[in-house]
Structures are given as C-alpha cells and as structure tokens.
There are 2 protein chains.
Amino acid sequence: MLELRLVQGSLLKKVLESIKDLVNDANFDCSATGFSLQAMDSSHVALVALLLRAEGFEHYRCDRNISMGMNLNNMSKMLKCAGNDDIITIKADDGSDTVTFMFESPTQDKISDFEMKLMDIDSEHLGIPDAEYHAIVRMPSVEFARICKDLSSIGDTVVISVTKEGVKFSTRGDIGSANIVCRQNTTVDKPEEATVIEMNEPVSLTFALRYMNSFTKATPLSNTVTISLSSDLPVVVEYKIAEMGYVRFYLAPKIEEDEDETKPQA
Amino acid sequence: MLELRLVQGSLLKKVLESIKDLVNDANFDCSATGFSLQAMDSSHVALVALLLRAEGFEHYRCDRNISMGMNLNNMSKMLKCAGNDDIITIKADDGSDTVTFMFESPTQDKISDFEMKLMDIDSEHLGIPDAEYHAIVRMPSVEFARICKDLSSIGDTVVISVTKEGVKFSTRGDIGSANIVCRQNTTVDKPEEATVIEMNEPVSLTFALRYMNSFTKATPLSNTVTISLSSDLPVVVEYKIAEMGYVRFYLAPKIEEDEDETKPQA
DNA sequence: CTCAGATTTC
DNA sequence: GAAATCTGAG
C-alpha cells in the first residue's frame, strides 16, 4: 500500500514538465525514505535524477519498496488536470498494475482521481558516485536559462569555462560567435540573485546546447541552479526543490580539440 | 576604429525589429555625425532610412567613414541576446571584416560580446530630396498600427485621404468596405495622444496595406507617427527616436482609377 | 520590466 | 506537441 500526499501539488506538475521532454518512460522508485526516479533520456546521452524526500509530504506511507513504471507523457497529461493549488495524492495498492492520482481543490469542493496503467520498464539503476568537482557555480536559474537560449541562436554547443573571477559561456556558429561572462557577485540584495563560484581548479568543458535547453525546463522549480563541473566527468545541473529534494541532470562533455585551435570551417 | 556606446540598448533592439522583416541585408553607414542606414526592401518597393545621431550615444568614436554590410536577421538574432536595459556597444576595428556587439547588464555582472561577420553589399545610396508635402498627419502610433491591422482584414490597399477636418483611411474587399476617419484633435491631455493635421492641399493616395503593416513594426520606437503625403510622391511614415533620430519608411502610391469607380473584382 | 496567460504557427 | 509571439497584469 502506497499513499503519498503532497500539499503543494504544483511541485509535482513542475517536476513532470521539466523531465517529460527528455524521458519517455521511467520507473518511479518508492521507499520509506522517499519518491525518486533515475532515467536516461531517450537518446541515452543525458541522465535525470529526481528525489522527493518523504519528509516533504504531508502524509507518506510506503509499506514496501516498489518500482512503478510510468509513461511520463501520460502522467503529465493527468497532472495537467490538477489545479496549481490542488493537493495531490499518489496511491497504489500492493500488486496493482495501476497508480491513482487524486487531486483535491483547496476548498475541497472538487475531488478528482485519475487512474493510470503502469508499465514494465527495465532500467539499469546506475549508482552515481559523489564526486569532487573542480568547480561549482550557483546562479539565478532564469539567468542560466536565458544564456542557454541566447547562445543556441548562434551555435549548437556551449563551452563553459570557470575561473575565480567568473564563469564564461561561449559558442560559435555560422553567423558569428558569442561570449557571455558572469562575474562572481555575492553582494546582491537577495541571496537567490547571487552568482557564487566555488573553484578548486579552473575548468573548461563543452556541451550540447540542445540538452542544456532541455534541462532549463526545470527553471520554475527553483530560483537558483547549481552547475558542477570537472574535467572528464558529466556536468551536473541541479535544481533544488525546497524542503524536498532535487532534480539533477547529468550530461557528458563533448571531447573536443582545444577551443583556441585554428581549424578549417569544415 | 569604431566604438559606439548606446546606454539605452533597447532602442537598437527595437530598430532592428522594425526593419528586419522588410530588409534582408543592408549597409550601416557610420560617420562622425552618426550611424545610419538606407535600404530598399527585398522586393524593391519600399525604402527604409534610419538615422541615429552621434549625440544620442554616450560615447561615439568613428575615426573614418565606414560602411558595414550586415545581414539584419543575424544582427537581430544577436541583439535579441541583449537584455532590454543592457548598454550596447558596437565595435569594429579598421579593416576588419567583423563587427562586435557588446552587451553590459545594468549591474555590470554580465558582459557579453557577440562577433558577427560583415558582408559586401552593393547599395545605391539614393539622395532623398526634402520635399514640400501637401499634408502631414501626426497621430498616436498605436492608433495608426491598429487602423492598418484592422483594414488589412478587409482589403489589400488603403486610401489615405486628408482634409482639414481629419484623415480618412478606406479600404474595400470581397467581404465589404471600411472607412475610418480620425478627426484633428489637439485638445487631449497628453500631446502624444493628439492627432494633428497640417494641410496645404487636400490629398488622397492609395497604398498597399502589406507594407503599411510592415512599417508599423516600428510602433514601439515612438508614441507618435508622422505621415507625410503629396500627390505622386512616396508617402513618408516616420517614427522619431527620442534624442537620436528617426526611422522613416517611404512607399510609392498605387496609381489607380478613381476609388469610387465600380470595377469588376478581378 | 518581468511574469504569466493566451494565441498562433510550425 | 512545442516554440514563438503577443497581450495583460503586477
């Protein structure tokens, strides 16, 4: 028996909006500690990891560990039927091949329940080791989203370079090239507007903007985003979910020639 | 060496939005007095003239006259990457085949530079003589835009007729006909809401609405628009740019039978 | 000016 | 279905 009651239902709606374009089907893993998901994107390039801790739910009952395979598109369709201030409850009976989403309007005047078929999905659950990163950048999530969107109108890849002074996002395409430098800045009025750089070692890595732009769909989940970089490790783009957990996106860097190298424009 | 620093960068963004649909490629001419452009639209029917005077820039350095050929679509893509309250600096080295747009956020925490390839464009620079116009109408730019949009849902051309009392915009199409009369009105609270008519001689001219609707893309540049009309001269639709100059659109009238003539809908 | 909602187009 | 554009609200 599974029953998870989430007062701020809009959180779950936003989580699904942020990952459904990247992942078609995935197993939601439910244990006593929380509700989580880990899945590769459909082209097996990026990885999504979601955690919603049990403490973040108003009521959390999970009698035994269970893995529920869902089509994220269908799940998203159902969640779209919940109001933004509805309370959402996820329910599943032991051994059942369906899951039920219940939506309660704030006034309790409207109660909906949507039942969805589960599916069998084989997933390799990768252990993601905690790594030491060369550099961790925290910045306003809207600013990161804007930068990724802007650069993708010029080129296909972004080079992210971190020094103590700031983080530089660069791209190059047919019509020209672009560099955007964000200085470290901790002296703003609100902490969520700060750009903070923790750096052990300078680092410069190249990524496909297409995936970065997918990741920024999670912007509504958090005011800030954390970008963790190490040479030859996948970058981690993390959106914290207040009081509950996170959505993290992992993407391997492109192995490329030195960006300063002069090469013919093939 | 060229370096033009424009504090109100949104002006340049709006200028490009207003002309990029009309003109694909154009030479920006830079001299000690200002930054200007003159170009025919791609179908060689309308003409655009832009002037941004040197005095409107916070810093203006132009060592020698230079003509820079740009693809306006690509330039617009880059300017879209500037924030609306960014400071924009246009830079070019002597003899360089690129131009650089630098964007500084108001807090100086984000500095972007975009480099764009220049192109060779042969342009006939037409001398546009200052003419005496039979009638000059000044009216709120949003009102003019609304009229052109509304009329284009009925017909393809607009007849603009000016008398002392007011200006009449008429069209006719398959589904019917329409006349919109704006009376002279100088007694409004704000001068930019006035409709003012200076008339030496009544005039009535026909224009393609398709172009008029293109011109009204410049509406965000100014609260008012000036429409200058003479028989057998191109109409001038002018949007003043505060403290700096203007964007002017020229369009030849259609030579047509009397508008009241009943003719088969070919 | 930014955010969100709505609309339109690909 | 998604992206871009436009509009109204805060």
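Both backbone and side-chain heavy atoms feed into the values below; hydrogens, waters and symmetry mates do not. Residue numbering restarts at 1 for every chain, and letters A, B, ... go by the order of the sequence lines.
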What's the [atom1]-[atom2] distance between [X] and [N], to the nearest Å?
X         : N      : atom1 : atom2 : value
Lys14(B)  : dT5(D) : NZ    : P     : 17 Å
Lys149(A) : dA3(D) : NZ    : P     : 12 Å
Lys217(A) : dA4(D) : NZ    : P     : 9 Å
Lys13(A)  : dA4(C) : NZ    : C1'   : 14 Å
Lys20(A)  : dA2(D) : NZ    : P     : 4 Å
Lys77(A)  : dA2(D) : NZ    : P     : 10 Å
Asn213(A) : dA4(D) : CG    : P     : 9 Å
Asn84(A)  : dC3(C) : CG    : P     : 17 Å

Can you give me every donor-acceptor pair (side chain of residues 141-154 of chain B, partner residue at least two apart or in another chain, under 3.5 Å) with its distance?
{"from": "Ser141(B)", "atom 1": "OG", "to": "Ser222(B)", "atom 2": "O", "distance (Å)": "2.5"}
{"from": "Ser141(B)", "atom 1": "OG", "to": "Asn223(B)", "atom 2": "O", "distance (Å)": "3.1"}
{"from": "Arg146(B)", "atom 1": "NE", "to": "Asp150(B)", "atom 2": "OD1", "distance (Å)": "3.1"}
{"from": "Arg146(B)", "atom 1": "NE", "to": "Asp150(B)", "atom 2": "OD2", "distance (Å)": "2.9"}
{"from": "Ser152(B)", "atom 1": "OG", "to": "Cys148(B)", "atom 2": "O", "distance (Å)": "3.2"}
{"from": "Ser152(B)", "atom 1": "OG", "to": "Lys149(B)", "atom 2": "O", "distance (Å)": "2.8"}
{"from": "Ser152(B)", "atom 1": "OG", "to": "Asn213(B)", "atom 2": "ND2", "distance (Å)": "3.2"}
{"from": "Ser153(B)", "atom 1": "OG", "to": "Asp150(B)", "atom 2": "O", "distance (Å)": "2.8"}

Which of parallel (below 30°), tilted (30 to 60°) and perpendicular (above 60°) describes Tyr211(B) and Phe215(B)? tilted
Looking at every strand, decide which applies to Asn73(A) at a 4.0 Å heavy-atom threshold: base, sugar-phosphate, or nothing. nothing
Checking side-chain polar atoms at under 3.5 Å, does Ser228(A) have a donor or acceptor matched by the opposite partner on Glu238(A)? no
Taking everything shown except Glu243(B) itself, do over 12 heavy atoms lie less than 6.0 Å from its CD? no
What nucleotide, of dT5(D), dC1(C), dA2(D), holds the atom closest to the side chain of Asp85(B)? dC1(C)
